[in-house]
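Single-structure report; data block below.
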Amino acid sequence: MQAPSVGGVMLPRGNGQSVRLSRGASLTDFAEKIGANPASLVGVMMNLGEMVTATQSVSDETLKLLADEMNFVLEIVSPEEEDRELLESFDIEFGEDEGGEEFLVARPPVVTVMGHVDHGKTRLLDTIRKTNVVAGEAGGITQHIGAYQVTTQVNDEERKITFIDTPGHEAFTAMRARGAKSTDIAILVVAANDGVMPQTIEALNHAKAADVPIVVAVNKIDVEGADPTKVRGQLTEYGLVAEEYGGDTMFVDISAKQGLNIESLLEAVVLTADASLDLRANPEQDAQGIAIESRLDRGRGAVATVLVQRGTLRVGDTMVVGDAYGRVRAMLDDKGDHLEEAGPSTPVLVLGLTNVPGAGDNFLVVDEDRTARQIAEKRAARERNANFARRGVRFSLENLDEALKAGLVQELNLIIKGDASGSVEALESSLLQLDVGEEVDIRVLHRGVGAVTESDIDLAMGSDAIVIGFNVRAAGRAAQMAEREGVDVRYYSVIYQAIEEIEAALKGMLKPEYEEVELGTAEIREVFKSSKLGNIAGVLVRSGEVKRNTKARLIRDGKVVAESLTISGLRRFKDDVTEIREGFEGGINLGNFNDIKVDDVIATYEMREKPRV
């Protein structure tokens, strides 16, 4: 059935017919699906009060408005389904057939440690890692790659366990939300002296939603006021019944600080895996799995920690991770040792990718470099279109309350950059969970690893987004560009501070009293060692001026490696001076801090009172 539209042009009527489109589709994409002229759809949108070009990426809501007007039923394809269709077009199956029973072999369980803040999650992970290193090779040095594997004895048999060292249940859920089943078992850490706390319940609910078995580690049994029995009673209310009470959940009383009963905890993990799960995989097929952590590494480029879930990953394989791809140049384990291959449930640091993937991105091995590039490019284009479709009105945190009251804005657009993808995922997940009522939505337009760049500021300018730098700073001319264009860039080193400040702004309660003002930056050209003063940085002042006794931070490859330093000494040749201006060289002493290297940047700043507008 045909119906008239703008300019007398007849347009198709859907009569309830379904139309499938991806996020960020344009009117041209819609027109191709229904056999219409894109220009006529532009006219329909104008009649509906929306100014949209034919090739512009538009939001899901705009597409739905158009579909309703033309009596079509709009079906937005989920990212996971879209990715599956993309891989099928290359005759690739992801996470499907493992082969026959004869190909399956046992694999180690993958474990995530969760629980309330300050209940000892990080201490437990460190204790497990150190205990295992001492058992393996005395004096061995581990490096943080976001995951590691340990060995324990169960019934006189050597068993391996893989631990994912993430920022907690936020990253755990962020991975799960992206369709990544990364964890087999969750260890819930509860302090024996504190008992069940709000984040304990939150972590428990996340683990239950992911449908993973739980082992409870009752920590801090060595401190005053510890009551493990009380913890067992409290958790019974949430469906975790200890085995000694007739349930099926294993509870282990430990002290991460003293190293008590750590082996018993590892044994409980293995026994729970044997009882509840059939952990087997085919090591003979092409490797598939997920990215756990990623970052930009000086000298190595983009590196990613991947967890092999099936198949075997080998040096020389061509792999695709999210919108990154490349040939595996080298693989390292958490001890820094080079590996030639990695089987199921093995975490490895991979070198050779074109860019930094996101935590939770799926990876797969393909036969040809060309195939890998095409898959990565299509994924990147899809994500870019979706980002463009999310663009909104321009504002900053300070004037957000006024914009909301005036009805000028309905969403807060954010760009998040951080030092590691796990941190970025955790921050994004936490921000998207903020309950700020119906007046405003939070949208993350872009997230990435590394310093805030000019392209980030460009995107913020076009979409009126606020840029969040988590443990990173603006690189090169990005800071001046942001100041010139009025882009609001916020720097944080504590995840909860970022969450609280944005929540306060959304609720109209943000009252900033001070702002940080950059005074000058100096690039370290040489490092001089002094027996009396420690290391002295020979610098060239790149911008502004560096003054004695001002606060400073040290930036290495765009990442903040030290905060709250003080310029305790300043020299020009042999003379002590109070300041060094842009373009001049000099020597800087940072007091007791000596971890400085050539090419590091010393950024000085001061806190000034900021009047409320």
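Hydrogens, waters and symmetry mates play no part in the numbers below; they use all other heavy atoms, side chains included. These figures come from a predicted structure and were not determined experimentally.
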If I take atom [atom1] from residue [X] and atom [atom2] from residue [Y], how far apart are they, to the nearest 0.5 angstrom?
X	Y	atom1	atom2	answer
Asp194	Gln234	CG	CD	10.0 Å
Ser22	Leu86	OG	CG	11.0 Å
Arg280	Leu104	CZ	CG	5.0 Å
Glu425	Ser294	CD	OG	8.5 Å
Arg232	Phe251	CZ	CZ	6.5 Å
Ile442	Asn413	CD1	CG	10.5 Å

Subject >> Test side-chain contact (heavy atoms from CB on, under 4.5 Å) applied to Arg490 and Val467, step by step >> reply: CA-CA 6 Å; Arg490 303 260 161 173; Val467 182; over 6 Å; no

Please name the pair of heavy atoms, one in [X] and one in [Y], separated by the smallest distance, quoted to 0.1 Å.
X	Y	result
Pro347	Leu307	N-CD1, 4.1 Å
Glu293	Ala420	OE1-CB, 3.4 Å
Ser276	Pro213	CB-CG, 4.0 Å
Gly120	Val189	C-CG1, 4.3 Å
Phe363	Ile290	CD2-N, 3.5 Å
Val315	Ala330	CG2-CA, 4.4 Å

**OP:** In sequence, state the C-alpha distance, the side-chain angles, and the governing distance for Phe163 and Tyr148, and then conclude on ring-ring contact (aromatic ring centres under 6.0 Å, His included).
**Re:** CA-CA 5 Å; Phe163 281 89; Tyr148 59 90; 5.8 Å; yes

Subject >> Criterion side-chain contact (heavy atoms from CB on, under 4.5 Å) on Thr127 and Ile262, from CA distance to verdict >> reply: CA-CA 8 Å; Thr127 303; Ile262 300 300; 4.0 Å; yes

Original post:
Glu75: what forms a side-chain contact (heavy atoms from CB on, under 4.5 Å) with it, not counting sequence neighbours?
Top reply: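 Checked Glu75 against side-chain contact (heavy atoms from CB on, under 4.5 Å); matches are Ser18, Arg20.
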
Subject >> Between Thr312 and Glu341: side-chain donor-acceptor atoms closer than 3.5 Å >> reply: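 The criterion, which ignores hydrogens and geometry beyond distance, is not satisfied for Glu341 and Thr312.
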
**OP:** For Thr152 and Glu263, test the side chains for any donor-to-acceptor distance below 3.5 angstrom and give the result as yes or no.
**Re:**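 Looking only at side-chain atoms, Glu263 and Thr152 do form a donor-acceptor pair, the distance falling under 3.5 Å.
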
Would you indicate whether the side-chain heavy atoms of [Y] and [X] approach each other to under 4.5 Å?
X	Y	result
Phe470	Ile495	yes
Thr318	Val365	no
Asp361	Val321	yes
Leu266	Ile128	yes
Ile466	Ile415	no
Ser345	Gln309	no
Val196	Leu235	yes
Leu265	Ile187	yes

**OP:** Take Ile185 and Ile214 through the side-chain contact (heavy atoms from CB on, under 4.5 Å) test and state the conclusion after the steps.
**Re:** CA-CA 6 Å; Ile185 293 176; Ile214 298 170; over 6 Å; no

Would a distance-only check, ignoring hydrogens and angles, find a side-chain to backbone donor-acceptor pair under 3.5 Å from [X] to [Y]?
X	Y	value
Glu428	Val444	no
Glu267	Asn155	no
Asn261	Ser264	no
Lys417	Ala451	yes
Asn219	Ala256	yes
Asn205	Ile201	yes

Can we say [X] and [Y] salt-bridge, meaning some charged N sits less than 4.0 Å from an Asp/Glu carboxylate O?
X	Y	answer
Asp557	Lys559	no
Glu61	Arg443	yes
Asp126	Arg123	no
Asp297	Arg295	yes
Arg159	Asp274	yes
Asp595	Arg556	yes

Subject >> Sole residue of Val350, Leu353, Val306 in side chain to side chain contact (heavy atoms under 4.5 Å, CB included) with Val328 >> reply: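 Filter result, single survivor: Val350.
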
Subject >> Of Thr346, Asp184, Thr162, the residue whose pairing with Arg107 passes side-chain hydrogen bond (donor to acceptor under 3.5 Å, both in side chains) >> reply: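 Looking at Thr346, Asp184, Thr162, the match for Arg107 under the side-chain hydrogen bond (donor to acceptor under 3.5 Å, both in side chains) is Asp184.
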
**OP:** State whether Tyr491 and Arg473 meet the cation-pi test: NZ (Lys) or CZ (Arg) under 6.0 Å from the six-membered ring centroid, and within 45° of the perpendicular axis.
**Re:**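 Ring-cation test returns yes.
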
Subject >> Thr200/His119 under side-chain contact (heavy atoms from CB on, under 4.5 Å): CA gap, chis, key distance, verdict >> reply: CA-CA 9 Å; Thr200 311; His119 276 199; 4.2 Å; yes

[X] atom [atom1], over 12 foreign heavy atoms within 6.0 Å:
X	atom1	answer
Glu158	CD	no
Glu340	CD	no
Lys208	NZ	yes

